[in-house]
Amino acid sequence: MGEIINNFFNPQGITLWKLYTLQDYLTVAALIVLGVAALWVAIRVLAKQRTPEGTALRMEKRLRRLGGAGARVWQNVTVVSQRGRCVCPMLYAAREGVYVVQVYHFGLDVSGSASSKYWTLSFNKDVRQQPNPLDAMDEQIVVINRVLGRAGLGHVPVEKLVLFADVYGRPRLNLRGVDCAVVRQDLKKWRKRKKGTPAVDLAAVKKALEASFQG
């Protein structure tokens, strides 16, 4: 096999291909089949990871790991306070506070602004319009602040986190006035910037949040 590979990439540039025996042909055919099979498997794995569910699960595990001991992530929870309720696609409790999280599984080019009604997410010729999530996230923060305030945790910061996590590459963001957007490749840097902030009573925060969940 080594001889076949050497012949194929002949540095002299004279003979690019030398196959003498049936075994040579079978070996090359096997290599081609293995290469096609590996490519097919890789495409299937990436396609599976690029679903909303697969991306959300992957980001949940990543946030939990980066958050350290006691960090918790909940998906698709309904938070109920005395004066309202909200549905949180993802909620993240870490040592420094709470985050309402919006995860995008698609888009390597992202454009929009804090005030625009829609954001544009694209991958090659596939262009999609998604509603600006910031207003809905602000409503989530209001409800969560009420829950924490009633539990005597009104000092706990509650912030927005918008994650762009397309597995096909590094998203390029052009979101004017948006300071809570992070691409998945920069999550570790984002977490490092949070380490200097004061710690909260994470156990009490989790208890208060979980007590407010409906169903």
Side-chain angles (χ1 to χ4, degrees), residues 50-60 62-64 66-67 71-81 83-94 96-123 126-149 153-167 169-194 197 200 205 208-209 212-214:
R50 208 193 193 197
T51 63
E53 298 79 11
T55 303
L57 181 59
R58 196 170 66 255
M59 290 300 99
E60 175 186 339
R62 183 83 180 274
L63 287 171
R64 231 179 23 239
L66 289 174
R72 183 72 187 273
V73 178
W74 302 272
Q75 289 196 51
N76 299 315
V77 291
T78 300
V79 181
V80 180
S81 71
R83 291 184 291 163
R85 67 178 59 203
C86 66
V87 177
C88 297
M90 186 175 288
L91 193 58
Y92 176 40
E96 75 280 355
V98 177
Y99 300 88
V100 294
V101 185
Q102 178 69 45
V103 178
Y104 290 96
H105 73 286
F106 169 89
L108 292 187
D109 285 290
V110 182
S111 60
S113 69
S115 59
S116 59
K117 187 174 182 180
Y118 294 97
W119 290 353
T120 302
L121 286 70
S122 60
F123 176 76
D126 188 355
V127 180
R128 306 179 189 181
Q129 297 287 321
Q130 296 290 331
N132 182 338
L134 298 182
D135 287 345
M137 297 174 84
D138 284 333
E139 294 175 3
Q140 295 168 33
I141 289 176
V142 169
V143 174
I144 292 169
N145 275 328
R146 289 172 181 164
V147 168
L148 294 177
L153 299 166
H155 61 285
V156 173
V158 184
E159 301 178 11
K160 297 186 287 287
L161 174 60
V162 182
L163 283 178
F164 293 91
D166 196 322
V167 296
R170 180 185 179 88
R172 296 173 290 275
L173 307 184
N174 181 21
L175 295 170
R176 298 178 301 279
V178 180
D179 59 2
C180 58
V182 180
V183 300
R184 63 180 177 86
Q185 292 88 344
D186 290 339
L187 265 177
K188 187 177 289 187
K189 294 179 182 178
W190 174 81
R191 282 298 310 162
K192 284 184 178 179
R193 293 197 297 269
K194 299 292 182 179
T197 56
V200 302
V205 168
L209 290 175
S212 74
F213 294 164
Q214 184 181 54

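Positions are given from 1, in the same order as the sequence printed here. Computation of the quantities below employed the complete heavy-atom set of this structure, encompassing side-chain atoms and omitting hydrogens, waters and symmetry-equivalent molecules. Values in this document were obtained by computation on a predicted structure and should not be read as measured data.
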Looking at [X] and [Y], what are the two nearest heavy atoms and their distance?
X    : Y    : result
Y104 : P133 : OH-CG, 3.3 Å
A181 : F164 : CB-CE1, 3.9 Å
V80  : V147 : O-CG2, 3.7 Å
I144 : C88  : CD1-SG, 4.1 Å
Q214 : R85  : OE1-NH1, 2.8 Å
G107 : D166 : N-OD2, 2.9 Å

Nearest 0.5 Å please: distance from the [atom1] atom of [X] over to the [atom2] atom of [Y].
X    : Y    : atom1 : atom2 : result
K188 : K192 : NZ    : NZ    : 6.5 Å
L121 : S111 : CG    : OG    : 8.0 Å
E53  : L57  : CD    : CG    : 10.0 Å
N174 : T120 : CG    : OG1   : 10.0 Å
Q185 : L187 : CD    : CG    : 9.0 Å
L163 : E60  : CG    : CD    : 12.5 Å

Would you say the side-chain atoms of [X] pair up with the backbone N or O of [Y], donor to acceptor, closer than 3.5 Å?
X    : Y    : value
T55  : P52  : no
D109 : S122 : no
Q102 : K160 : no

Requested in this report: For the pair E159 and K194, evaluate side chain to side chain contact (heavy atoms under 4.5 Å, CB included) and give the outcome as yes or no after the intermediate values.
Outcome: CA-CA 12 Å; E159 301 178 11; K194 299 292 182 179; 3.1 Å; yes
Requested in this report: Could you check whether the rings of W74 and F213 sit parallel, tilted or perpendicular, using 30° and 60° as the cut-offs?
Outcome: perpendicular
Query raised in the report: Should the pair F106 and F123 be assigned to parallel (<30°), tilted (30 to 60°) or perpendicular (>60°) ring geometry?
Result: perpendicular
Requested in this report: Taking the side chain as every heavy atom from C-beta outward, state whether P157 and V200 have any atom pair closer than 4.5 Å.
Outcome: yes
**Report entry** Side-chain touch V77/L209, heavy atoms, less than 4.5 angstrom
**Finding:** no
**Report entry** Pair N132-K117, side chain to side chain contact (heavy atoms under 4.5 Å, CB included): steps then yes or no
**Finding:** CA-CA 5 Å; N132 182 338; K117 187 174 182 180; 5.9 Å; no
Query - All side-chain hydrogen bond (donor to acceptor under 3.5 Å, both in side chains) counterparts of Y99, not counting sequence neighbours - result: E96
Report summary line: For R72, the side-chain hydrogen bond (donor to acceptor under 3.5 Å, both in side chains) test, sequence neighbours excluded, returns E210
**Report entry** Residue among V182, L134, V101, D179 satisfying side-chain contact (heavy atoms from CB on, under 4.5 Å) with V162
**Finding:** L134
Query raised in the report: Taking it one step at a time, do C86 and E139 satisfy side chain to side chain contact (heavy atoms under 4.5 Å, CB included)?
Result: CA-CA 7 Å; C86 66; E139 294 175 3; 5.7 Å; no
Query raised in the report: Who passes ring pair (Phe, Tyr, Trp, His ring centres under 6.0 Å) against Y118, sequence neighbours left out?
Result: none
Requested in this report: Applying side chain to side chain contact (heavy atoms under 4.5 Å, CB included), run through V73 and M90 and close with a yes or a no.
Outcome: CA-CA 7 Å; V73 178; M90 186 175 288; 3.7 Å; yes
Query - Candidates R62, R170, R191 - the one meeting salt bridge (charged side-chain N to carboxylate O under 4.0 Å, His left out) with D186 - result: R170
